[in-house]
Amino acid sequence: MDNKNKYYVGIDLGGTFIKGGIVDRDGNVLVSDKTPTQSNLGQDKVAQNISALALSLIEKANLTVTDVVGIGMGAPGMIDSKTGVVIFSNNLNWRYFDVASSVSQLVGLPVKIANDANVAALGEVKFGVAKNLSDAIMITLGTGVGGGIVVDGKLVEGNQSAGAELGHSVIVLDGEPCSCGRKGCLETYASATALIRDTKRAMENNKQSKMWEIGSLDKVTGKTSFDYYDTDESAKAVVDSYIKHLACGLTNFANVFRPQAIILGGGVCAQGDNLLKPVQKLLNEELYAGDKGPQVPVVIAQLGNGAGLLGAAALLMD
């Protein structure tokens, strides 16, 4: 089949909404839409909702099923991308659900699925900030710390696609407890959740901190310590510690994979150069072989919420 002028359905499956779009080979989104996930009504209902969205998108784009190569999907949880089975998804309350086969039967198209963090990384490499690169790592700094690894333009997912959990590499032995059961994971120091926790602790330990100007502890966000960085010692200490721990994790990944770039995504990245510059400086200083080997620039993701949809479509591209 000649895929040159063909189209792809990209699906970003979330706990609340299923977002979808028709994507061409150059990453242009022809049409997009979303529909409620309704995971409370059971897994078969979700498969029906995905299928209905895919078919309505094809129709909206004035295409037929024969114009479409297939459906690519990113979903939260542990996903065996070779078989299309969602082994475990907390957000959707699924265990061993073969969603790829279910949707494929309903729509009449091949379906490929992968973990949503992996798919976002692929989207940024194919169509985003790293689109001229073949090797990149993406770290998402959100409620947790997600990771995705692309080598030679392809996702590295490990056995049964259960790997690439970069947020669960330990950077402080016996450190802060992590939701995964270990202690000292990167996620417990570099997530937005960790930043909020450390900001609250700093405020409680220093009642004179200017950060109290926000009113109360429940008004603390991931921005608070950055906002007061230049005027408050406690805020500066929180940010400096956050950056040090993040840079430690990134340097580990740089030394293991030596990617052409490390891409940062998630809300914390709104800090731009206030985050990038000090992280890059520490990484450059600690990188194995320093400036004698290839350098690893840290860059901010470009595609935002579109990375999942575009990366999902890219699962079907050569």
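Treat the numbers as computed from the prediction; the structure is a model and nothing was measured.
Atom-to-atom distance recorded for K112:NZ and I79:CD1 is 14.5 Å, nearest 0.5 angstrom. Put simply, CG on D116 and CE on M73 are 12.0 Å apart, with the number rounded to the nearest 0.5 Å. The OG atom of S39 sits 7.5 Å away from atom CG of N93, with the distance rounded to the nearest 0.5 Å. Interatomic distance, M203 CE to K219 NZ, rounded to the nearest 0.5 Å: 10.5 Å. Atom CD1 of I196 and atom CG of L217 lie 12.0 Å apart (nearest 0.5 Å). One distance of note links CG of L13 with CD1 of I113; it measures 7.0 Å at 0.5 Å rounding.
Note on residues 60-101: pairs passing ring pair (Phe, Tyr, Trp, His ring centres under 6.0 Å), not counting sequence neighbours, are W94-F97.
For the residue pair G20 and L53, the shortest heavy atom distance occurs at N-CD2, 3.8 Å. In terms of heavy-atom proximity, N118 sits nearest to A164 at OD1-CB, 3.9 Å. Summarising the geometry of M138 relative to A301, their closest heavy-atom pair is CE-CB, 4.0 Å, with the distance given to 0.1 Å. Looking at every heavy atom in both residues, A312 comes nearest to G74 through CB-N, 3.9 Å. Closest approach of V296 to P259, counting heavy atoms only: CG2-O, 3.7 Å. Of all heavy-atom pairs spanning A136 and A130, the tightest one is CB-CB, 4.4 Å.
Side-chain contact check for S216 and D218: at least one donor-acceptor pair (N or O, by modelled atom type) lies under 3.5 Å. Judged purely by distance below 3.5 Å, without hydrogens or angles, the side chains of R25 and Y8 pair a donor atom with an acceptor atom.
Within the 4.5 Å cutoff, no side-chain heavy atoms of I11 are placed close to those of K19. Within the 4.5 Å cutoff, the side chain of L57 has heavy atoms near those of the D33 side chain. With a 4.5 Å cut-off on side-chain heavy atoms, L122 and L315 count as touching. Here the side chains of I137 and V150 are not in contact, with every heavy-atom distance at 4.5 Å or above. Between D12 and I18 the shortest side-chain heavy-atom distance does not fall below 4.5 Å. Side-chain contact between K183 and V170 is absent, with no heavy-atom pair separated by less than 4.5 Å. For the pair T37 and N49, the minimum side-chain heavy-atom distance is 4.5 Å or more. Counting heavy atoms from C-beta outward, I87 and R95 have side chains that stay 4.5 Å or more apart.
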Using the rule given for side-chain contact (heavy atoms from CB on, under 4.5 Å), can you reason through L275 versus V268, listing the C-alpha separation, both sets of side-chain angles and the distance that settles it, and then say yes or no? CA-CA 8 Å; L275 177 72; V268 182; 4.3 Å; yes
Evaluate E157 against N115 for side-chain contact (heavy atoms from CB on, under 4.5 Å), listing each step before the verdict. CA-CA 9 Å; E157 299 170 293; N115 168 271; 5.7 Å; no
Could you please spell out the steps behind the side-chain hydrogen bond (donor to acceptor under 3.5 Å, both in side chains) verdict for T64 and T66? CA-CA 5 Å; T64 65; T66 55; 2.7 Å; yes
Would you please test F253 and L186 for side-chain contact (heavy atoms from CB on, under 4.5 Å) and show each step? CA-CA 11 Å; F253 307 144; L186 179 64; 3.8 Å; yes
Determine, step by step, whether L195 and S225 satisfy the side-chain contact (heavy atoms from CB on, under 4.5 Å) criterion, reporting the C-alpha distance in whole Å, the side-chain angles of both residues, the deciding distance to 0.1 Å, and the verdict. CA-CA 8 Å; L195 194 50; S225 54; 3.9 Å; yes
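A salt bridge is defined here as a Lys NZ or Arg NE, NH1 or NH2 lying under 4.0 Å from an Asp or Glu carboxylate O, and K6 with D67 fails to meet this definition. The pair R197-E187 does not count as a salt bridge, with every side-chain nitrogen at least 4.0 angstrom from each carboxylate oxygen.
When atom types are taken as modelled, the side chain of Q43 and the backbone of V99 share no donor-acceptor pair closer than 3.5 angstrom. Y189 places a side-chain N or O within 3.5 Å of a backbone atom of E176 that can act as its donor or acceptor partner. Within the 3.5 Å criterion, the main-chain N or O of D80 finds no donor-acceptor partner in the side chain of S161. The backbone N or O of N206 sits nowhere less than 3.5 Å from a side-chain atom of S209 that would complete a donor-acceptor pair. Formation of a donor-acceptor pair under 3.5 Å by the D135 side chain with backbone atoms of V151 is not found in this model. Judged by distance alone, the side chain of T221 and the main-chain N or O of K223 form a donor-acceptor pair under 3.5 Å. Put simply, the side chain of S101 never gets that close to the backbone of D98: no donor and acceptor are under 3.5 Å apart. Under a 3.5 Å cut-off, the side chain of S51 and the backbone N or O of A47 do form a donor-acceptor pair. Of the possible polar contacts, one joining the R258 side chain to the P294 backbone as a donor-acceptor pair under 3.5 Å is found. S191 places no side-chain N or O within 3.5 Å of a backbone atom of T188 that could act as its donor or acceptor partner.
Crowding of Q38 atom CD: a count of heavy atoms from other residues, nucleotides or ligands under 6.0 Å exceeding 12. Atom CD of Q295 is surrounded by more than 12 heavy atoms from other residues, nucleotides or ligands within 6.0 Å. N305 CG: 12 or fewer foreign heavy atoms inside a 6.0 Å radius. By the neighbour-count criterion of 12 heavy atoms within 6.0 Å, atom NZ of K34 is sparsely surrounded, having that number or fewer from other residues, nucleotides or ligands. The number of heavy-atom neighbours closer than 6.0 Å to CE of M78, taken from other residues, nucleotides and ligands shown, is 12 or below.
In the hydrophobic clustering of ILVMFWY residues, with side-chain heavy atoms under 4.5 Å counting as a link, F257 and L264 come out together. Following chains of ILVMFWY side-chain contacts shorter than 4.5 Å, one can reach L283 starting from I171, so the two form part of one hydrophobic cluster. Hydrophobic clustering keeps V129 apart from V29 (ILVMFWY residues linked when any side-chain heavy atoms are closer than 4.5 Å, directly or through intermediates). Follow the hydrophobic side-chain contacts under 4.5 Å out from V145 and you reach L276 in the same cluster. Hydrophobic clustering, with ILVMFWY side chains joined whenever heavy atoms are under 4.5 angstrom apart, groups I50 together with L63.
For the side chain to side chain contact (heavy atoms under 4.5 Å, CB included) criterion with E124, the lone passing option out of V299, I300, L303, L310 is L303. Considering E213, K236, K210 in turn, E213 is the only one that fulfils the side chain to side chain donor-acceptor pair (under 3.5 Å) rule with Y228. Among I58, L55, V103, the one residue that satisfies the side chain to side chain contact (heavy atoms under 4.5 Å, CB included) test with L109 is I58.
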Distance-only check: which donor-acceptor pairs under 3.5 Å involve side-chain atoms of residues 284-291, not counting sequence neighbours?
from: N284; atom 1: OD1; to: Q280; atom 2: NE2; distance (Å): 2.9
from: N284; atom 1: ND2; to: Q280; atom 2: O; distance (Å): 3.4
from: E285; atom 1: OE2; to: K281; atom 2: NZ; distance (Å): 2.9

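Between Y242 and F226, the ring planes are perpendicular. Angles over 60° get that label, and only those under 30° would be called parallel.
For D232, there are no salt bridge (Lys or Arg N to Asp or Glu O under 4.0 Å) partners, not counting sequence neighbours.
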